[in-house]
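Heavy atoms only: backbone and side chains are in, while hydrogens, waters and symmetry mates are out. Each chain gets a letter, A, B and so on, in the order the sequences are listed, and its residues count up from 1.
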There are 2 protein chains.
Amino acid sequence: MELITTIRNVPDFPKKGIVFRDITTLLKNKEAFHRFIELMVERYKNERIDKVVGIESRGFIGGAALAYVLSAGFVPIRKPGKLPADKIRQEYQLEYGTDAIEIHRDAIGKGERVLLHDDLLATGGTILAACKLVEQLGGTIVGLSFLIELSFLQPRKRLSQYDIFSLISYDSE
Amino acid sequence: MELITTIRNVPDFPKKGIVFRDITTLLKNKEAFHRFIELMVERYKNERIDKVVGIESRGFIGGAALAYVLSAGFVPIRKPGKLPADKIRQEYQLEYGTDAIEIHRDAIGKGERVLLHDDLLATGGTILAACKLVEQLGGTIVGLSFLIELSFLQPRKRLSQYDIFSLISYDSE
């Protein structure tokens with residue numbers, strides 16, 4: 001099962017010139033979805049993960065399945081205004097303007113071993129902001145995991161202090 | 001493990017007079033999260049589920065873990081504009097105005113056995129729209145599953161043709 005063959009390439013989405021890597025065709029394929037989670041579990045099963053953090057909203061999919069299989073808790077990092085209780089926020093740069101993400105203050109305890117997950121690693125801005133949130137709460141970041149990495153955007157340059165694992169890599173647009 | 005004791009009640013969120021049932025305190029608790037998924041799996045493990053459909057975005061969490069354990073594919077139903085390929089849409093009524101959800105046209109094949117999942121069953125408007133999407137694609141709905149049901153809103157009245165399973169029920173606000 002070559003996972004990359006189950007990704008759908010959608011030209012000009014969400015805008016002209018971008019090839020969108022659509023993971024829904026992987027997720028709906030039960031063998032591919034199973035393989036995706038198994039490969040992640042294989043990598044982290046001996047790491048004593050306490051919490052898997054998933055980034056809204058596609059990061060919830062792999063993150064939740066991983067948390068279950070690793071017998072960890074699951075923590076969502078969300079867009080502003082979605083989390084109801086006491087929380088902290090991190091802003092990050094977009095191509096034009098800024099965006100922000102939030103996490104509940106009680107989501108992670110000091111010294112807990114945390115695995116972060118998102119579907120896509122592009123420029124790395126979102127995951128870097130997520131790492132700052134986890135570290136602000138005292139969590140120890142064991143790794144950053146992604147289904148897809150757009151390696152031609154060179155996201156690892158700004159994430160050099162972290163262990164990064166991705167299953168599918170694209171080295172050109 | 002009484003799951004209901006792990007839910008956080010947040011008064012006046014998202015607006016005055018509403019008690020928000022915050023599931024993040026359940027999800028981050030590894031025993032509670034595990035129990036949540038196990039109870040769901042116990043109910044559906046002999047139902048030969050082909051696809052688990054999760055409703056954006058908290059429905060992705062339980063839905064994805066369920067799909068993995070049931071060896072099914074996972075299908076997201078999303079807010080408008082998020083899915084990149086050919087899709088169908090269903091509108092539904094809100095208290096004021098309307099909202100809509102979408103599914104990829106190729107997400108479900110004719111005759112496939114489908115389990116729908118969302119975190120919360122309130123008035124039932126969203127899940128009813130989701131059922132219409134699945135049925136329009138020819139899927140057979142095996143069941144509707146929820147972590148929480150607000151039974152005082154009587155959602156089962158309008159969903160009487162479906163099998164409904166929820167783990168936590170609130171019979172008053």
(Q) Heavy-atom pairs under 4.5 Å with chain A - which of B:G81, B:A67, B:A64 has more of them than the others? (A) B:A64

**Q.** Neighbour count above 12 (heavy atom, 6.0 Å) for A:R113 CZ
**A.** yes

Q. Do A:L26 and A:I4 sit in the same hydrophobic cluster, where Ile, Leu, Val, Met, Phe, Trp and Tyr count as joined when their side-chain heavy atoms come under 4.5 Å apart?
A. yes

(Q) When you group the ILVMFWY residues by side-chain heavy-atom contacts below 4.5 Å and let the links chain together, are B:I103 and B:I141 in the same group? (A) yes

**Q.** Which portion of A:P84 sits near chain B, non-hydrogen atoms under 4.5 angstrom
**A.** both

(Q) Please determine whether residues A:L116 and A:L133 belong to a single hydrophobic cluster, defined as Ile, Leu, Val, Met, Phe, Trp and Tyr linked transitively by side-chain heavy-atom distances below 4.5 Å. (A) yes

Q: Side-chain contact test, heavy atoms from C-beta onward, threshold under 4.5 Å: evaluate it for A:R8 versus B:H104 and give yes or no.
A: yes

Q | Under 4.5 Å from a heavy atom of chain B, the part of A:A32 involved | A | neither

(Q) Using 30° and 60° as the class boundaries, would you call the ring planes of A:F33 and B:Y68 parallel, tilted or perpendicular? (A) perpendicular

Q) Who pairs with A:D86 by salt bridge (charged side-chain N to carboxylate O under 4.0 Å, His left out), at least two apart in sequence or on another chain? A) A:R105

Q. Tell me, do A:D106 and B:T24 make a side-chain contact under 4.5 Å, heavy atoms counted?
A. no

Q. Is there a chain of hydrophobic side chains (I, L, V, M, F, W, Y, each step under 4.5 Å between heavy atoms) that links B:I23 to B:L167?
A. yes

Q: Sort B:L83 into side chain, backbone, both or neither according to what part of it lies under 4.5 angstrom from a heavy atom of chain A.
A: both

Q | Portion of A:F74 that has a non-hydrogen atom of chain B nearer than 4.5 angstrom | A | both

Q: Specify the closest pair of heavy atoms between A:S71 and B:H34, including all atoms of both residues, with the distance to one decimal.
A: OG-CE1, 3.7 Å

(Q) Quick check on the structure: residues of residues 43-63 of chain A within a heavy-atom distance below 4.5 Å of chain B, by number. (A) A:K51, A:E56, A:S57, A:R58, A:F60, A:I61

**Q.** Shared hydrophobic cluster, B:L147 / B:F13 (ILVMFWY, side-chain heavy atoms < 4.5 Å)
**A.** no

Q. Crowded around A:Q161 CD? As in, over 12 foreign heavy atoms under 6.0 Å?
A. yes

Q: Report the option among B:V69, B:D22, B:V10, B:V75 that has the most heavy-atom pairs separated by less than 4.5 Å from atoms of chain A.
A: B:D22

(Q) Taking every non-hydrogen pair under 4.5 Å, which of B:I108, B:N29, B:L70, B:I37 racks up the most with chain A? (A) B:I37

Q) Taking B:G73, B:P14, B:P76 one by one, which has the highest count of heavy-atom pairs under 4.5 Å against chain A? A) B:G73

